[in-house]
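Some notes on the structure that comes next.
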There are 2 protein chains.
Amino acid sequence: MMNDTPVKKTLGRVVKSTEMPELSKPFSPMQLAKAITAKRTGMKLTLVDVSQALAISKPTLIKIEKGDVTVQLHNVLKVMEYLGLSFSLVSDDIAHSNEEVSDEQWY
Amino acid sequence: MMNDTPVKKTLGRVVKSTEMPELSKPFSPMQLAKAITAKRTGMKLTLVDVSQALAISKPTLIKIEKGDVTVQLHNVLKVMEYLGLSFSLVSDDIAHSNEEVSDEQWY
DNA sequence: ATCATTAGTCAACTATAGTTTACTTATACA
DNA sequence: TGTATAAGTAAACTATAGTTGACTAATGAT
């Protein structure tokens, strides 16, 4: 199954651009990792590009893109912001569903 | 403005339950921190409760609940999972908006 | 087949996150 | 107001994430 698409690079070079994972699926460190790699390659940036721009070492960046969670939240957030990725918080509220729908009258 | 609501604790004790932040607003470390505290207090768990359950020290937990980002992603995720919180990935796609809306016919 | 360029690994070192223990402050209840 | 419980802080120590520099492995172009 062909999962990668070649994309033109700045200097006229072609690089494998890894595919963006399904953002709708439940969050996992690997999903995050893949999204980061996909974004970076899609933006035609090398590990060194990002590494230099954010003052993060290449090995650390690689850890992040491998889904290693033993990294500082700080570093992950820096990378995400730089690449235009963000989180959204999801709470397992176990449905307040019906009772106490609101203080407001809605009908 | 009254921002906290007292809630019955397991041993018949009343504790300030901090309010859940707006999950719809843009993500920030502080939003995450507040959501975690809100969840924990809402579940009537003490810092020590969580700290022991997850084998994370109290100081580290406090760092997390203060929005300090110099903590391991690993620890943040453990706490979130335990409390029933999760992330959802958001990508600033800079609108593919119009062109190539979909492969499918939708009208 | 060779040459750039990028990705990924490794080892030694440095920086700092995380732990433990103890203490202080705040909160709720009697 | 005193007491129990929880939150938060501080310091010394330990564990480990992160860095640097050099090296190897892929990948794509010519």
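Chain identifiers are assigned alphabetically (A, B, ...) following the order of the sequence lines, protein sequences preceding nucleic acid strands; residue numbering begins at 1 within each chain.
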In whole angstroms, the gap separating C1' of dT5(C) from CG of Leu45(A) amounts to 15 Å
One should read off an interatomic distance between Met43(A) CE and Thr41(A) OG1, to the nearest 0.5 angstrom, of 10.5 Å
The side chain to side chain donor-acceptor pair (under 3.5 Å) partners of Lys39(A) (sequence neighbours excluded) come to Ser91(B)
Polar atom pairs (N or O), protein with nucleotides 19-21 of chain D, under 3.5 Å:
from: dT19(D); atom 1: OP1; to: Ser57(A); atom 2: N; distance (Å): 3.2
from: dT19(D); atom 1: OP2; to: Ser57(A); atom 2: N; distance (Å): 3.0
from: dT19(D); atom 1: OP2; to: Ser57(A); atom 2: OG; distance (Å): 2.2
from: dT19(D); atom 1: OP2; to: Thr60(A); atom 2: OG1; distance (Å): 2.5

* Asked: Can you find a pair of side-chain heavy atoms, one from Lys34(A) and one from Thr18(A), that are under 4.5 Å apart?
  -> no
Side chains of residues 60-69 of chain A: which donor-acceptor partners sit under 3.5 Å, not counting sequence neighbours?
from: Thr60(A); atom 1: OG1; to: Ser57(A); atom 2: OG; distance (Å): 3.0
from: Lys63(A); atom 1: NZ; to: Thr70(A); atom 2: O; distance (Å): 3.1
from: Lys63(A); atom 1: NZ; to: Thr70(A); atom 2: OG1; distance (Å): 3.4
from: Glu65(A); atom 1: OE1; to: Thr37(A); atom 2: OG1; distance (Å): 3.0
from: Glu65(A); atom 1: OE1; to: Arg40(A); atom 2: NH2; distance (Å): 3.1
from: Glu65(A); atom 1: OE2; to: Arg40(A); atom 2: NE; distance (Å): 2.7
from: Asp68(A); atom 1: OD1; to: Thr70(A); atom 2: N; distance (Å): 2.9
from: Asp68(A); atom 1: OD1; to: Thr70(A); atom 2: OG1; distance (Å): 2.7

Enumerate, atom names and distances included, each donor-acceptor pair closer than 3.5 Å involving a side-chain atom of residues 81-90 of chain A, sequence neighbours excluded.
none

>> I want to check one thing: is the phosphate of dT6(C), taken as OP1 and OP2, less than 4.0 Å away from some side-chain N or O of Arg40(A)?
In response: no
Angle separating the five-pair end axes of the helix from dA1(C)-dT30(D) to dC23(C)-dG8(D), nearest 10°, is 60°
To the nearest angstrom, the CD-P distance between Gln52(B) and dT19(C) comes to 13 Å
Taken to the nearest whole Å, NZ/Lys63(A) to C1'/dG18(D) is 7 Å
Ile62(B) CD1 to dA6(D) C1', in whole Å, measures 10 Å
Residues of residues 64-72 of chain B with a heavy atom under 4.0 Å from any atom of DNA chain C, listed by number, are Thr70(B), Val71(B), Gln72(B)
- Task: Evaluate the side-chain proximity of Leu73(B) to Leu77(B): yes if any heavy-atom separation is below 4.5 Å, no if none is.
- Result: yes
Hey, is the main chain of Asp49(A) close enough, under 3.5 Å, to the side chain of Thr46(A) for a donor-acceptor pair?
-> yes
When rounded to whole Å, the NZ to C1' distance for the pair Lys44(A) and dT5(C) reads 17 Å
Lys34(B) atom NZ is separated from dA7(D) atom C1', nearest whole Å, by 17 Å
Applied to residues 32-73 of chain B, the ring pair (Phe, Tyr, Trp, His ring centres under 6.0 Å) test, sequence neighbours excluded, yields none
In terms of heavy-atom contacts, Gln31(B) and Pro26(B) come closest through OE1-O, 3.9 Å
The side chain to side chain contact (heavy atoms under 4.5 Å, CB included) partners of Glu22(B) (sequence neighbours excluded) come to Ser24(B), Lys25(B)
Minimal heavy-atom distance between Ile56(A) and Lys78(A), with the atoms involved, is CD1-CE, 3.8 Å
* To do: Just call it for Leu47(A): base, sugar-phosphate, or nothing, with non-hydrogen atoms closer than 4.0 Å on any strand.
  => sugar-phosphate
